[in-house]
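For clarity, every value in this text was computed on a predicted model and none was experimentally measured. In what follows, residues are counted from 1 in the order of the sequence shown.
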Amino acid sequence: MAKAAEKPADDQTYGIAADRLRSLVERIERLEEERKALAGDIKDIYGEAKSAGFDVKVLRQIIRLRKQDQAEVEEQESLLDLYKRALGMG
């Protein structure tokens with residue numbers, strides 16, 4: 001039967017700096033928790049908007065549009081208008 005591997009005396013394990021790896025993993029875990037909390041906050045705000053009578057679907061579209069470059073938004077709106085007219089919708 002094989003003898004159990006002994007733990008290295010320093011923080012080097014198989015060429016990996018264990019302390020550095022642990023630090024990175026813990027930072028990622030903290031940020032994941034923060035992201036989860038922020039997602040909950042955003043959900044609450046959408047709920048607040050809905051209870052105030054706003055259409056959440058349209059609000060999400062507005063948020064998405066505000067992230068885009070103005071020229072890109074105008075191009076998309078122009079194409080949408082063109083497609084709607086081609087289909088007899090506008």
Side-chain angles (χ1 to χ4, degrees):
M1 184 173 249
K3 186 176 180 182
E6 293 182 28
K7 185 176 180 182
D10 60 13
D11 72 344
Q12 296 289 324
T13 305
Y14 305 107
I16 297 174
D19 287 341
R20 178 72 173 142
L21 177 60
R22 186 176 302 105
S23 171
L24 292 168
V25 168
E26 289 171 354
R27 286 170 52 202
I28 291 168
E29 289 172 340
R30 277 193 302 276
L31 290 172
E32 290 287 346
E33 285 299 316
E34 288 178 30
R35 179 169 44 187
K36 185 177 176 182
L38 288 172
D41 292 346
I42 291 169
K43 183 178 177 182
D44 291 345
I45 294 170
Y46 278 117
E48 182 181 335
K50 184 176 182 177
S51 68
F54 294 102
D55 186 314
V56 172
K57 188 175 181 179
V58 174
L59 187 58
R60 289 182 189 278
Q61 289 176 333
I62 293 294
I63 300 296
R64 188 172 51 251
L65 287 172
R66 288 172 53 102
K67 290 179 184 178
Q68 296 177 355
D69 178 57
Q70 184 60 33
E72 185 179 340
V73 171
E74 290 172 4
E75 180 182 350
Q76 287 180 0
E77 288 175 348
S78 177
L79 283 172
L80 179 60
D81 184 53
L82 177 67
Y83 290 1
K84 285 169 57 176
R85 282 187 281 128
L87 295 171
M89 298 173 62

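Sorted pairs that involve residues 36-58 and meet salt bridge (charged side-chain N to carboxylate O under 4.0 Å, His left out), not counting sequence neighbours, are lacking altogether.
Alongside I28, the hydrophobic cluster contains no other residue (criterion: ILVMFWY side chains under 4.5 Å). Cluster partners of I45, using a side-chain heavy-atom cutoff of under 4.5 Å among ILVMFWY residues and allowing indirect links: none.
Considering only residues two or more places apart in sequence or on other chains, E33 meets the side chain to side chain donor-acceptor pair (under 3.5 Å) condition with none of them. Under the rule for a side-chain contact (heavy atoms from CB on, under 4.5 Å), the partners of E29 that lie at least two apart in sequence or sit in another chain are V25, E26. With sequence neighbours excluded, the residues forming a side chain to side chain donor-acceptor pair (under 3.5 Å) with R22 are D19, listed by chain and number. Taking R35 as the reference, E32 meet the side chain to side chain donor-acceptor pair (under 3.5 Å) condition, with sequence neighbours excluded. Not counting sequence neighbours, the partners of E74 by the side chain to side chain donor-acceptor pair (under 3.5 Å) test are Q70. Partners of F54 under the side-chain contact (heavy atoms from CB on, under 4.5 Å) rule, at least two apart in sequence or in another chain, are A49, A52. For L80, the side-chain contact (heavy atoms from CB on, under 4.5 Å) test picks out K84, with sequence neighbours left out. R85 pairs by the salt bridge (charged side-chain N to carboxylate O under 4.0 Å, His left out) definition with D81, not counting sequence neighbours.
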Could you list the donor-acceptor pairs under 3.5 angstrom formed between side-chain atoms of residues 60-68 and any protein atom two or more places apart in sequence or on another chain?
none

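The environment of CD in E75 is sparse: at most 12 heavy-atom neighbours from other residues, nucleotides or ligands sit within 6.0 Å.
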